[in-house]
Structure formats: C-alpha cells, structure tokens
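Values reported hereafter were calculated over all heavy atoms of this structure, with side chains retained and with hydrogens, waters and symmetry mates removed.
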Amino acid sequence: MGALRIFLFLLAICCLGCGAAHAEKRVALVIGNSAYKSAPRLSNPVNDASLVGGMLKKAGFDQVDIKLDLNAAEMRRALRDFGGRTREADVAVVYYAGHGIELDGTNYLIPTDATLETDSDVLDETLPLERALFAVEPARQLRLVILDACRDNPFAKTMKRTMAARAVGRGLAKVEPTSPNTMIAFAAKAGSTASDGDSRNSPFAAALVERLPTPGLDLRKAFGFVRDDVLKNTGYKQEPYVYGSLGGDDVSLVAAKPIAAGPQANPDSEIRRDYELALQLGTRDGWTAFLNRFPIGFYADLAKGQLNKIAAEETRAATADKARQAEEDKARLATDRANKAEQEKAAAAARAAEEKRLAAEKAKQVEEAKAAAAEQRRKDAEAAVAKVMAEKQAAAEQKVAAVTPSSAAPAMSADERTKLVQSELRRVGCHPAPVDGIWTASSERSLALFNKYAGTKFEAKVASFEALDAIKARPGRICPLVCDHGFRADGDACIKIACRAGYRVNDDNECEKVPDKKPVATREDATKRDAERKKVEATPAKPQSSGQIVCNSAGCRPVSKGCRLEFRRGGGSANTHTGESVEVCN
C-alpha cells in the first residue's frame, strides 16, 4: 500500500508538471539589421539573428518571428504585432542586432533607412528602446530584451549637432527597468562598444546560443557564463552586462527535463530538524515541547532518552548538594564538640548522603551512555538514508546528463583565471595595475584591499574561483578612489582641484588664500659695505666748483671748474676804489 501511494503521488506530480509546462506560452521577436542605406553594411547582425532565432525554435518556443533588414515603419509594425501576442504569453523575448545610439541618456534602435543627418533626426527616424520594453510588458512571468547593438556607430560621427550641449554617447546608456521580472542584456557594458568578431557570428551571439538553451539553468547564471565566454574570446576587451532583477526562484529560458525516478524527500526531515534544535537547547522544556508535538516514533524515543539523562543529572546534583550539606554538619558538630551520639548520627547521615550521591552519579553515567548510544544509532541511520538518497540522485543526474548539455563554467587556465580576477578587481576599484594574468605582489595587495573593504577573508596569494565569484557579486566600486595631491575624486575619476585667483591648494587638498608678502628686515653685509667704502676713498677726488659767481651784463653764473675770480682796480687816482672781478682760468 505504501509503494502504491508513492507511485500515485509521483504520477500526480508528473501530470501537474506536464500540465504546467504545456500551459506556459513563450514567444520571441528576433530582428537583425545589416543593410543600412546611409552607413556601411554590417556583416553579422543578419547571421546573428538567424542563429538566435533558430536556437529559440529548438528550445521549444511557441512562436519565433525572425525579421531581417527592417526600415522604421517595418520595425514599428513588428513591435506592435509582437506586443499583441505577448498579452497571452508567460515568457516574451526580444533580440535585436544592429546599430543603436544613445542621445541625452536615452537609447534608440536604428532602422536600415535612417539617415540621421542631425541629432534631432534621432527622434523622428529611430525607435526608442522603451518601445521594445513596452512590447514585452504584458508577459506574465518573464520579460527579456537582448541588445547586440553596442557597435561603434558611424551615424554619431557624421551627424550635425543642433545644440552644443546635446550629448551623443559611446555605446548605449545604462538602463534600469521599472517592471518586475524584466531583464535587459547588453552585448557590452554601458558606455562601451562591442566587437563583431572575425567569424560569421559575433562573440556575444555565439555565447548566447551556447548558454541560454541549457535546461533548468537560471538566466542570471547563464548570462554570467555568457560574460565569461565573451571576455575570454575578446581578450578581456568586451564585457556583456545585464540590467534589471528577478526574484529568488530560478528562472530558466528552457525548463529542466523531468526526472522519471528521482530520490524522494525524507519524510522525517522536519522531525529531524526539530530534534536537532531541541538537542542544541538541551533543556527539559525543549524536550518536553518536542514530545508534545511528536509523541511517538523513533525520534520520540530518542527524546525520552535525553529527558532521562537530564533527570539523572538533576538527581546527581541534588544528592551532591545533600552529601555536601551532611559533611558540613558533621564537621560543624565535631568543631562544636557536640555529644558523641549527635556526631555519630551526623556521620551516618553523611555516609548515607555520599552513597546516594555515588548511586546518582552512576545512574547519570548509565543514562548518558544510553543517550550517546541512541544518538550514534540515529546518526548512523541518517547517514545510511542520506547515502541511499545520494546514490539515487547521482543515478538520476547521470540519466539527465546524457541528454542535457553541461552548464558548468568553462574550463580555464590559471592565467585566464588570474586575468578575470584582476579584471574584476579593477572594475570594483581595487586594482590599478594592468590586467596581465600575472599574480604579483601588486595583485596580492589589490585582493587584500578587497578583503578589507568587502569584509572577506580570501587568501591574497592565490587568484581563486571563490574570490572571483565574490568580486563578481559586487555591483560597483568597493575600494575608495585615492587621488594625488591637488586632485579630488569625482565618481571613478580624479580631477584637478581648481582654486580661484588669489587662492592655492594647501596640504589638506583645500583651497586657501595666498598670504600677502611682507618686507623682511635684513642685516647689512659689513664686508660688502667696507669694500665699497675703501673703493670710494681710493678714488681721486674730482674737481669741485669754488662756489663763486660771476655776473656781467648777460647775467650771473657759477665760476667754471678750475677757474677763480680776481678783483682788478679800474683806472683813475690812487684813492679811487672802483674796479671789476675777472674770471681767471689756469
């Protein structure tokens, strides 16, 4: 009867699973634009669209529309028709390969007939990315938009700007979906461009086809593998990126294949968890609560044994207290020199208490041995059950592996792993050195910095997979940006500090006013002064004027150098005192 009930239970689960799988409707729209009329032809988008569309068909999608080389009107019609089909779908996927452009933070998909002579033409000749998100919006479970549109855009280089402040970015801009269960996958991280590669298909499309159709593989992990593949195949120059979020449950593009005969859950798993919890508590109340919930069965017998052990410990403690008290009474009476009868009575009580204590101690040891033996039997039984279930699980996984491609991470060499770790450390701002695949002391310092600011404890001497996974899980910068003197951090870059006129950068990297220069008193050099004085004294004196003035009818003037005035009397009698001053020069 038990086997029959299990069989009917499994049959019901299979029927429910088959019904759920049959009820889930999945639709996809795939667009590839290569033949641009006003730009050089792209070789891969048409090939990529055909490859991805074929993959979705093989994955069992109910409807996959592959559209190639669409003009603006055809793209609008395709998205409008697809939006009508997603109203009845659980999963909706849009894949676009071709040119895209970012204008003032908004992303646009470029049809084949766009000319984009000016930046204002973007609004008229292209389709905003929001149009594709609007088309997948009605889907009930999963909305996925994949953009292989991050190529180097020739339109951005030739178009004229109608406004100098209007920004045309490189690649596409970051997007944060507002609807739940929505993911947007870029072929390259926001602000960077993607490569078409050297083969028929781009590295991004090739990785998508390899990873997404793995049955039961969660999309977040699948796109993580896509990222690793593209990084490896492009020499770590192109990094795909995913925006948006999903819930806690695994969401796969292709459902896992049902297992016909897999291991069943242990019916005692809940009882075992409660038993182990009571065992950790180790109190009478804990075991009493467990027995009230599970009064019979294997674990109930174990719980009763644990209660017996607790009771034996309580008895031992009580008898030990009585024996100690009896010994104290005996010692007190001997000290107080009580009569012989009282001392003998106290001694007898002490012997009896000690015997009870020893008996309780022995009973406690017996109960502990019983409980330990029972606990060992429990562990052995659980280990045997776990072994049987593990063997059944391994056998089931071998059967699934025969028809399911492996979803394990691609094997990589130590150099490749080191490059990935260095690249991730650089992304979170902890590795300023080049990404060269050589784990040097600089790389060790970088991982040590990550440990410090992320609160992890990875071995810094090794670039391990565990460290790689932990760094990947960090969405943004972890290590603070350190700038040289005279520079300050601005986002992920250091910019020079500019002070206004009359101010300068001080030691604290702050602008301060330049102090006014004041005259400084200096002591005169006596040696120089004495030398100048001696030189002056040794120089012959120059002729100086006498200070005399000669006047005549023309006026007065100083006597010339080297000349003098002499008074000469005029003619007449001897008593006459008239005469004149004459300038005499030798």
Between [X] and [Y], which heavy-atom pair has the shortest distance, and what is it?
{"X": "L447", "Y": "L425", "result": "N-CD1, 4.0 Å"}
{"X": "G84", "Y": "R87", "result": "CA-NH1, 3.0 Å"}
{"X": "T118", "Y": "S120", "result": "OG1-OG, 3.0 Å"}
{"X": "D229", "Y": "A207", "result": "CB-CB, 4.0 Å"}
{"X": "G53", "Y": "I66", "result": "CA-CD1, 3.7 Å"}
{"X": "R426", "Y": "V435", "result": "NE-CG2, 3.6 Å"}

Any side-chain to backbone donor/acceptor pair from [X] onto [Y]? Under 3.5 Å, distance only.
{"X": "Q238", "Y": "L231", "value": "no"}
{"X": "D218", "Y": "V251", "value": "yes"}
{"X": "T418", "Y": "I438", "value": "no"}
{"X": "R131", "Y": "M75", "value": "no"}
{"X": "R445", "Y": "C430", "value": "no"}
{"X": "E102", "Y": "N107", "value": "no"}
{"X": "R80", "Y": "A135", "value": "no"}
{"X": "E276", "Y": "R273", "value": "no"}
{"X": "R211", "Y": "A206", "value": "no"}
{"X": "D121", "Y": "T115", "value": "no"}

Item checked: Verdict with supporting geometry, V428 and R477, side-chain contact (heavy atoms from CB on, under 4.5 Å) -> CA-CA 4 Å; V428 298; R477 172 179 287 277; 5.7 Å; no
Next item on the list: Go through L219 and L253 one step at a time and tell me if the side-chain contact (heavy atoms from CB on, under 4.5 Å) criterion holds.
Entry: CA-CA 7 Å; L219 274 179; L253 200 63; 4.2 Å; yes
Determine whether [X] and [Y] make a side-chain contact, defined as any pair of heavy atoms from C-beta on separated by less than 4.5 Å.
{"X": "Y95", "Y": "L144", "result": "no"}
{"X": "S423", "Y": "V421", "result": "no"}
{"X": "L212", "Y": "M55", "result": "yes"}
{"X": "L68", "Y": "N33", "result": "no"}
{"X": "P240", "Y": "F186", "result": "no"}
{"X": "V30", "Y": "L56", "result": "yes"}
{"X": "M183", "Y": "L246", "result": "yes"}
{"X": "N509", "Y": "H485", "result": "yes"}

Next item on the list: Test side-chain contact (heavy atoms from CB on, under 4.5 Å) on V93 and L29 and set out the steps.
Entry: CA-CA 6 Å; V93 179; L29 173 63; over 6 Å; no
Short N-O contact, [X] and [Y], less than 4.0 angstrom:
{"X": "K174", "Y": "E176", "answer": "yes"}
{"X": "D250", "Y": "K221", "answer": "no"}
{"X": "R140", "Y": "D90", "answer": "yes"}
{"X": "D228", "Y": "K472", "answer": "yes"}

Note to self: Is the positively charged end of R41 above the ring of Y36, judged by distance under 6.0 angstrom from the centroid and angle within 45° of the axis?
What the structure shows: no
[X] side chain to [Y] side chain, donor-acceptor N/O pair below 3.5 angstrom:
{"X": "D69", "Y": "S34", "answer": "no"}
{"X": "S443", "Y": "Q422", "answer": "yes"}
{"X": "S442", "Y": "T440", "answer": "no"}
{"X": "E459", "Y": "S464", "answer": "no"}
{"X": "S179", "Y": "E137", "answer": "yes"}

Let me confirm one number: the [atom1]-[atom2] distance from [X] to [Y], rounded to the nearest 0.5 Å.
{"X": "I110", "Y": "H99", "atom1": "CD1", "atom2": "NE2", "value": "6.5 Å"}
{"X": "I101", "Y": "E125", "atom1": "CD1", "atom2": "CD", "value": "10.5 Å"}
{"X": "N44", "Y": "F204", "atom1": "CG", "atom2": "CZ", "value": "13.5 Å"}
{"X": "L449", "Y": "E444", "atom1": "CG", "atom2": "CD", "value": "12.0 Å"}
{"X": "I184", "Y": "R143", "atom1": "CD1", "atom2": "CZ", "value": "12.0 Å"}
{"X": "L133", "Y": "L79", "atom1": "CG", "atom2": "CG", "value": "10.5 Å"}

Checklist line | Evaluation steps, salt bridge (Lys or Arg N to Asp or Glu O under 4.0 Å), between K232 and E416 | finding: CA-CA 8 Å; K232 179 180 178 181; E416 292 171 346; 3.8 Å; yes
Check: Does the ring-ring contact (aromatic ring centres under 6.0 Å, His included) test come out yes or no for F223 and F225, once each step is laid out?
Finding: CA-CA 5 Å; F223 278 109; F225 290 152; over 10 Å; no
Checklist line | D62 and K25: CA distance, side-chain angles, deciding distance, salt bridge (Lys or Arg N to Asp or Glu O under 4.0 Å) verdict | finding: CA-CA 6 Å; D62 298 277; K25 184 176 181 180; over 6 Å; no
Checklist line | Candidate pair D148 and V52, rule side-chain contact (heavy atoms from CB on, under 4.5 Å), full reasoning | finding: CA-CA 11 Å; D148 196 354; V52 172; over 6 Å; no
Notebook entry, point to check: Aromatic rings F458 and F450: how do their planes relate, parallel, tilted or perpendicular, breaks at 30° and 60°?
Noted result: parallel
Next item on the list: For a side chain to side chain contact (heavy atoms under 4.5 Å, CB included) with Y96, tell me which candidate from D48, L129, L127, L147 qualifies.
Entry: L147
Notebook entry, point to check: So does Q63 have more than 12 non-hydrogen atoms from other groups sitting under 6.0 Å from CD?
Noted result: yes
Checklist line | CZ (F134) with more than 12 external heavy atoms under 6.0 Å | finding: no
Margin query: Determine whether T456 and N451 satisfy the following criterion, side-chain hydrogen bond (donor to acceptor under 3.5 Å, both in side chains), listing intermediate values before the conclusion.
Written below: CA-CA 4 Å; T456 55; N451 284 335; 2.6 Å; yes
